[in-house]
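Just below is one structure, and these are the notes that go with it.
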There are 4 protein chains.
Amino acid sequence: MKREKPKYKKIVDAAVSIIAQNGYHQAQVSKIAKEAGVADGTIYLYFKNKEDILISVFQEKMAVFADYVKEILEMDLPASDKLYKMIENHFKVLHDDRNLAIVTQLELRQSSKELRFRINEVLKEYLTLLDALLREGIDSGEFPADLDIRLARQMVFGTIDETTTSWVMNDQKYDLVELAPRVHKLLLSGMKG
Amino acid sequence: MKREKPKYKKIVDAAVSIIAQNGYHQAQVSKIAKEAGVADGTIYLYFKNKEDILISVFQEKMAVFADYVKEILEMDLPASDKLYKMIENHFKVLHDDRNLAIVTQLELRQSSKELRFRINEVLKEYLTLLDALLREGIDSGEFPADLDIRLARQMVFGTIDETTTSWVMNDQKYDLVELAPRVHKLLLSGMKG
Amino acid sequence: MKREKPKYKKIVDAAVSIIAQNGYHQAQVSKIAKEAGVADGTIYLYFKNKEDILISVFQEKMAVFADYVKEILEMDLPASDKLYKMIENHFKVLHDDRNLAIVTQLELRQSSKELRFRINEVLKEYLTLLDALLREGIDSGEFPADLDIRLARQMVFGTIDETTTSWVMNDQKYDLVELAPRVHKLLLSGMKG
Amino acid sequence: MKREKPKYKKIVDAAVSIIAQNGYHQAQVSKIAKEAGVADGTIYLYFKNKEDILISVFQEKMAVFADYVKEILEMDLPASDKLYKMIENHFKVLHDDRNLAIVTQLELRQSSKELRFRINEVLKEYLTLLDALLREGIDSGEFPADLDIRLARQMVFGTIDETTTSWVMNDQKYDLVELAPRVHKLLLSGMKG
DNA sequence: CATGAATGAGCATTCATTCAT
DNA sequence: AATGAATGAATGCTCATTCAT
């Protein structure tokens, strides 16, 4: 499995670092290679092309979110509390890795339409888990039976995303995690109709 | 006033059309000029550079949203109804101009960070109007007095934006405007807490 | 005679001024037109093209040098004294019109090969007068009978030109005219063999 | 040391050839690359930009002049003979490489003011060596003790330069080297006062 | 596995000149 | 005579990818 090889990980981390520092359009393959301590050509032993590096960045990092949501789902808690934990975790991960926040909220969005479709596929797993959480709430009677899951998911994700982007654009100068309770309350009210 | 000259408008419209058809990175100035029926050099009599065209696209089109929200604000209606009209209008404008929807939701987001900061400034007017609407609802007692306006605005805009992007990414194959009542209900519940 | 019309002169003077201030490559026709207070198109009523303006600049200004040398030649003086007057005048004209010095010594030399050939033709009149002066000196016995006039002329003009260019390149910070006696002495010795 | 790599030399030689054939303004980077037998991009592995190629042309070729003058200075000869050898060498190098003569006397002079300042810095070494030669002549009593070295140097270089430019402009149709004795005699007389 | 020198396609912008008014 | 809006040709440089070693 190539993604377990040390150079694979080195290159992905170098990409996050270089993109966060220099911006998407200034993140040349040669810069990433240098940061990773490998030759330019070596990149192509691990990745098909530059786009493939960026998709991998997203996959690797999104996995962290998804894995935690999976854990949350298996806990013995009301759906509402699970939603809270999910929001808090989302904010916490990005708050703790500010380079990653810059990359996911700002830089990666200026990639090509094609890349963004690929990124969306990666996002889908996360969104599917969110759907599962919402369904759980409906089944348990916490959320209304007629809740439109797709719309609710778009509200939850849209709000989280907009909140995070806003925080990044304001130079991350306030505490994102502190917003979790209020965001949770807002979304919960939305859901409960 | 150069933005009233017919060529100015022609070029802006050509830009929307070319970007929607070819994507942001394939929207060369020469293509836009050809579509607008002017010489390449003529573009530079009306715009400082390529980025300036794109900012103008956004400004011109966003003005349509903002102007309508201004109208709405002056109507004699409960804040909740005004919010509904705003959502419906937002969906309607993008539903009726699908090229514009592609450009604002997908293509313009892959522009440089600098351009996106400029675009955000244009967005601010829209968001400020939204803030005014929310405040109105608080003052009238429709929305809770302790509503965090910034968060609420991020929820409203984030939900609308995510819903629209999702619709565009699904090839605009369902009716976006029909979603308005449900989105409105969701958001209203969120607000009311 | 078009060159007597006021706009003709205005444009030539504007060209000297704009080239001296902005440099040859930054002296666009539109800038010259603006400085001259006419429309861009008007330039083309008086000049065939941009190159024609520059040639005219040279012609108009070189005429001043040539006219004075003609006067000198008609004076009743030894050739050696005439040479002195010529050098002094050359230095004086450029010392008094520093913009002109910048234009002739630096800026106009970065014009195309073709333009420089045309400029050289204008120079030829000046050089022919210099030849006449040298011949006078030979005929009068002041200069050796076997003086190679072409070489001598190249020495005289080359020295004057190099001295002036050197002065311009040193930001005209010393007095060029004061060099005349020493330059004259040097050249005279050279001639006398 | 990149300037010893074969491609570096190939590109410099190609530049001289292309500029001589096509003129400065028609010497596109792609033409130079083709003549050198490398890809356009390869140029930029060896040179910072186009201007850097031109400066390098001058540096490489001027080094030949300077190196020979250094050799001359170390010979056991009167200053007058050294001056003769210097003039003869200058003429000989340009006589034998006519493309180089065209490039240095005509084409490179139409480069930007900035480039010409850079070129002048390269020239300075040559002129400094010439100053050393003149000083030697003064010390040995061959030249007058009150010789103004700066002026004398401007006379020597101005004359050589004007003679060469004149020869190039006349399509190099006579023998430049044959002029050496006469130019030497003229300059020597000038110096001796 | 790893290297890194070499490749070459692709594009925004300027500005001399024209010509309808 | 004078205007100035419109034209459109022309080019230096970057950087993702390859491949001989």
Side-chain angles (χ1 to χ4, degrees), chain A residues 2 5-8 11 25-34 36-54, chain B residues 2 5-8 11 25-34 36-54, chain C residues 2 5-8 11 25-34 36-54, chain D residues 2 5-8 11 25-34 36-54:
Chain A
K2 79 175 178 189
K5 295 192 179 173
K7 288 196 181 170
Y8 177 89
I11 293 167
H25 288 295
Q26 281 309 305
Q28 292 86 352
V29 171
S30 59
K31 253 186 211 158
I32 295 173
K34 199 175 176 187
V38 301
D40 293 13
T42 305
I43 298 267
Y44 292 86
L45 298 173
Y46 294 88
F47 300 90
K48 213 167 77 255
N49 49 35
K50 185 179 178 179
E51 196 168 76
D52 193 27
I53 308 175
L54 304 176
Chain B
K2 79 175 179 192
K5 294 191 180 173
K7 290 197 180 169
Y8 177 88
I11 293 166
H25 287 295
Q26 280 308 306
Q28 291 87 351
V29 171
S30 61
K31 256 187 208 155
I32 295 173
K34 200 175 176 185
V38 301
D40 292 15
T42 304
I43 299 267
Y44 293 88
L45 296 177
Y46 295 89
F47 301 90
K48 216 167 70 255
N49 50 34
K50 185 179 177 179
E51 195 171 75
D52 192 28
I53 308 175
L54 305 175
Chain C
K2 79 174 179 194
K5 295 194 179 173
K7 289 198 181 169
Y8 177 89
I11 293 167
H25 288 295
Q26 281 308 307
Q28 293 86 354
V29 171
S30 59
K31 255 187 210 155
I32 295 173
K34 197 175 178 188
V38 300
D40 293 15
T42 305
I43 298 267
Y44 292 87
L45 298 175
Y46 294 90
F47 300 90
K48 213 166 76 254
N49 49 34
K50 184 179 180 181
E51 196 170 74
D52 192 28
I53 309 176
L54 304 175
Chain D
K2 79 176 178 190
K5 294 189 181 174
K7 291 198 180 170
Y8 177 88
I11 293 166
H25 288 294
Q26 281 307 307
Q28 292 86 352
V29 171
S30 61
K31 257 187 208 156
I32 295 173
K34 199 175 176 187
V38 300
D40 291 16
T42 305
I43 299 267
Y44 294 87
L45 297 176
Y46 295 89
F47 301 90
K48 215 167 69 254
N49 49 35
K50 187 179 177 181
E51 193 171 77
D52 192 29
I53 308 176
L54 304 176

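Throughout, a chain's letter reflects where its sequence line sits, starting with A, and its residues are numbered from 1.
The two atoms that bring D:Lys31 and D:Gln26 nearest to each other are NZ-O, 2.8 Å, heavy atoms only. Closest approach of C:Asp40 and C:Ala33 over heavy atoms only: OD1-CB, 3.6 Å. Across all non-hydrogen atoms, the minimal contact from C:Asp52 to C:Phe47 is OD2-CA, 3.5 Å. Closest of all the heavy-atom pairs between A:Gln28 and A:Lys50 is CA-NZ, 4.4 Å.
F:dG8 atom C1' lies 18 Å from atom NZ of B:Lys31, rounded to whole Å. In this structure, the CG atom of A:Asp40 is 12 Å from the P atom of F:dC15, given to the nearest Å. For D:Tyr44 and E:dG4, the OH to P distance is 24 Å, given to the nearest whole Å. The NE2-P distance, from A:His25 to F:dT14, rounds to 17 Å in whole Å. For the pair A:Asp52 CG and F:dT17 C1', the interatomic distance rounds to 14 Å; values are reported in whole Å. With rounding to whole Å, C:Phe47 atom CZ is found 18 Å from E:dT18 atom C1'. Between the P atom of E:dG8 and the CD1 atom of D:Ile43 lies a distance of 13 Å, rounded to the nearest Å. The distance from atom CD1 of D:Ile32 to atom P of F:dT11 is 12 Å, rounded to the nearest whole Å.
Between C:Lys7 and F:dA1 there is no side-chain polar atom (N or O) within less than 4.0 angstrom of OP1 or OP2. Contact between the side-chain N/O atoms of A:Lys50 and the OP1/OP2 oxygens of F:dC15 is not found at any separation under 4.0 Å. One finds no side-chain N or O of B:Lys34 lying less than 4.0 angstrom from the OP1 or OP2 phosphate oxygen of F:dG8. One finds a side-chain N or O of D:Thr42 lying less than 4.0 angstrom from the OP1 or OP2 phosphate oxygen of E:dT7. Within the 4.0 Å cut-off from OP1 or OP2 of E:dA6, at least one side-chain nitrogen or oxygen of D:Tyr46 is found.
Mapping B:Val38 and D:Ser30 onto DNA chain F via the closest heavy atom, the residue that lands nearer the 5' end is B:Val38. Place D:Ala27 and C:Gly41 on DNA chain F by their nearest nucleotides, and C:Gly41 ends up nearer the 5' end. Closest-nucleotide positions on DNA chain E for D:Ala39 and B:Asn49 were compared, and the one nearer the 5' end corresponds to D:Ala39.
With distances taken from any side-chain atom of A:Gln28 to the nucleotides F:dC15, F:dT3, E:dG4, the minimum falls on F:dC15. Of all nucleotides listed (F:dA16, E:dT3, E:dT17), E:dT3 comes nearest to the side chain of A:Leu45.
Contacts of D:Val29 with the nucleic acid, taken as non-hydrogen atoms under 4.0 Å apart, involve only primed sugar atoms and P, OP1 or OP2.
Contact of the A:Ile32 side chain with the A:Val29 side chain is not registered, since no non-hydrogen atoms from C-beta on lie closer than 4.5 Å.
Atom OH of B:Tyr44 and atom CD1 of B:Ile53 lie 6.0 Å apart (nearest 0.5 Å). Remark: D:Ile11 CD1 to D:Ile43 CD1 distance equals 4.0 Å, nearest 0.5 Å.
In secondary-structure terms, DNA chain F builds stems of at least 3 consecutive Watson-Crick or G-U pairs, each pair having both distances under 3.5 Å, at E:2-21 with F:2-21.
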